[in-house]
Amino acid sequence: MPELPEVRTVATILKKELLNKKIMDIKVIYPKIISKDSLNINLLINKKLKDIKTNGKYILFDYDNYILISHLRMEGKYFIKDKAKPIEKHEHIIFIFDDNTSLRYHDTRKFGRVELIKKEELSKNKSISKLALEPFDIDINNLYQKIIKKKAPIKTILLDQTIISGLGNIYANEVLYDSEINPFKLGKDITLNEVKKIVDSAIKILNLAISNNGTTIRTYTATLGVAGNYQNFLKVHMKSGEKCPKCQNDIMKVKLNGRSTYYCKYCQK
DNA sequence: AACGAAACCTGCGCGC
DNA sequence: TGCGCGCAGGTTTCGT
């Protein structure tokens with residue numbers, strides 16, 4: 001569940017469900033989920049959750065003096081369960097609270113990571129400090145200057161979280177379709193007006209996706225029981241062979257730097 | 001320095 | 001039925 005709308009959806013629900021719960025115990029079943037730079041996760045025992053925020057695709061659990069940074073990568077999910085329920089396959093970390101509940105980090109592919117840091121270290125954290133602003137906050141001219149320095153295709157650039165944060169493969173495909181830009185167009189050839197279109201499209205698409213609880217595709221278990229609905233709004237992603245809604249030609253599927261890229265070669269020049 | 005490819009993992013669907 | 005391959009919403013590390 002990983003791009004910005006899905007991460008915000010998860011964070012909103014977790015905040016509602018977990019605020020002020022006190023952690024009584026933590027069971028780590030698969031230790032590699034915890035970053036090697038992390039403080040001992042048991043420092044969270046006896047702490048109460050004060051807030052949950054997000055930054056790009058990161059979820060930040062605020063515990064006063066500490067912050068737990070969580071990235072879901074490809075398949076990370078959180079479930080809230082009665083603490084007596086048996087540990088299921090793919091549950092790697094279990095937080096046990098002072099009522100009868102527990103929070104379970106579930107990750108089929110084990111790509112996700114959590115890292116516990118002191119709060120004052122947040123701005124210099126290796127992952128967080130490199131992050132660019134989200135499309136909602138980004139400065140067009142600043143982004144333009146970064147993009148035209150790049151030789152890589154614009155699709156690849158949009159996936160670079162140090163250039164603009166929050167977009168992943170689905171929304172990068174959708175944003176480039178909406179802004180009518182060919183995903184293969186090189187960064188150095190992108191115009192200021194095209195950067196404006198990209199940011200406008202990104203804000204529009206992400207906001208609509210957030211209000212629909214994100215996108216749920218190819219997923220067997222909805223995180224926290226919440227099924228997103230934005231898959232019903234997708235124009236090109238996973239639509240190869242279907243007709244372009246604008247010109248009725250076929251949507252193409254190609255590989256671009258190893259990622260599936262869907263676009264209309266007539267509308268996206 | 002900057003780019004693409006491989007690595008990190010598991011499960012599913014498809015063709016043979 | 002079983003096997004092998006390709007594929008999946010991401011990021012970091014490794015070569016060139």
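The model shown is predicted, which means the values in this text are computed figures rather than measured ones.
In this structure, CZ of A/R73 is placed 17 Å from P of B/dA7, rounded to the nearest angstrom. Straight-line distance from the CD1 atom of A/I128 to the C1' atom of C/dT11: 13 Å, rounded to whole Å. As a whole-Å value, the separation of A/K77 NZ from B/dT10 P is 15 Å. Look at CG on A/N257: it is 17 Å from P on B/dA7, rounded to the nearest Å. Between the C1' atom of B/dT10 and the CD1 atom of A/I33 lies a distance of 12 Å, rounded to the nearest Å. Look at NZ on A/K126: it is 8 Å from C1' on C/dT12, rounded to the nearest Å. Whole-Å rounding puts the A/D107 CG to C/dT11 P distance at 13 Å. Distance A/D37 CG to C/dT12 P: 11 Å, rounded to the nearest Å.
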Extract from the structure each pairing of a protein N or O with an N or O of nucleotides 5-8 of chain C at less than 3.5 Å, listing the distance.
unit_1 : atom_1 : unit_2 : atom_2 : d
C/dA8  : OP1    : A/S260 : OG     : 2.1
C/dA8  : OP2    : A/K255 : NZ     : 2.8
C/dA8  : OP2    : A/S260 : OG     : 3.4
C/dA8  : N3     : A/R109 : NH1    : 3.4

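In summary, A/K48 and A/D64 do not engage in a salt bridge, as defined by a charged side-chain N under 4.0 Å from a carboxylate O. A/D107 and A/R109 are not joined by a salt bridge, as no carboxylate oxygen comes within less than 4.0 angstrom of a charged side-chain nitrogen. Salt bridge A/E194/A/K185: present, at least one basic N to carboxylate O contact under 4.0 Å. The pair A/K235-A/D178 does not count as a salt bridge, with every side-chain nitrogen at least 4.0 angstrom from each carboxylate oxygen. Under a 4.0 Å N-O distance rule, the pair A/D51/A/K15 qualifies as a salt bridge. A salt bridge links A/D250 and A/K243; the closest N-O separation between the charged side-chain nitrogens and carboxylate oxygens is under 4.0 Å.
For the pair A/K57 and C/dG10, the criterion of a side-chain N or O lying under 4.0 Å from OP1 or OP2 is met. For C/dT11, one of the phosphate oxygens OP1 or OP2 lies less than 4.0 angstrom from a side-chain nitrogen or oxygen of A/Q161. Contact annotation: A/H90 side-chain N/O to B/dG11 OP1/OP2 distance is under 4.0 Å. Distances shorter than 4.0 Å separate none of the side-chain N or O atoms of A/Y58 from OP1 or OP2 on C/dT11. OP1 or OP2 of B/dG11 sits under 4.0 Å from a side-chain N or O of A/K89. Note on A/H71: a side-chain N or O is less than 4.0 Å away from OP1 or OP2 of C/dT11.
A/Y58 and A/L206 sit in two unconnected hydrophobic clusters of ILVMFWY residues. Membership requires side-chain heavy atoms under 4.5 Å apart, directly or through other members. The hydrophobic clustering, which links ILVMFWY residues whose side-chain heavy atoms are closer than 4.5 Å, places A/L19 and A/M24 apart.
Within the 4.5 Å cutoff, side-chain heavy atoms of A/L103 are placed close to those of A/L14.
At a non-hydrogen distance threshold of 4.0 Å, A/K110, A/F111 from residues 110-117 of chain A come into contact with DNA chain B.
A/T261 and A/K155 are linked by a side-chain donor-acceptor pair at a separation below 3.5 angstrom, with hydrogens and angles left out of the test.
For A/K130, the side-chain atoms get nearest to C/dT12 when compared with the rest of C/dT12, C/dG10, B/dC9.
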Reading DNA chain C 5' to 3', how would its secondary structure be written in dot-bracket notation, given Watson-Crick and G-U pairs with both distances under 3.5 Å, brackets [ ] for crossing pairs and | for partners on other strands?
.|||||||.|||||||
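Distance check on atom P: C/dC5 versus B/dA7 gives 15 Å, rounded to whole Å. A distance of about 27 Å separates the P atoms of C/dG10 and B/dA1, rounded to the whole Å. Rounded to the nearest Å, the gap between the C1' atom of C/dA8 and that of B/dC3 is 24 Å.
A/E88 pairs with exactly one of A/K81, A/R104, A/K77 by the salt bridge (Lys or Arg N to Asp or Glu O under 4.0 Å) rule, that one being A/K81.
A centroid separation of less than 6.0 Å is found between the aromatic rings of A/F233 and A/Y230.
Relative ring orientation between A/F79 and A/H106 is described as perpendicular, the plane-to-plane angle rising above 60° on a 0-90° scale split at 30° and 60°.
Heavy atoms of A/Y230 sit nowhere under 4.0 angstrom from any nucleic acid atom.
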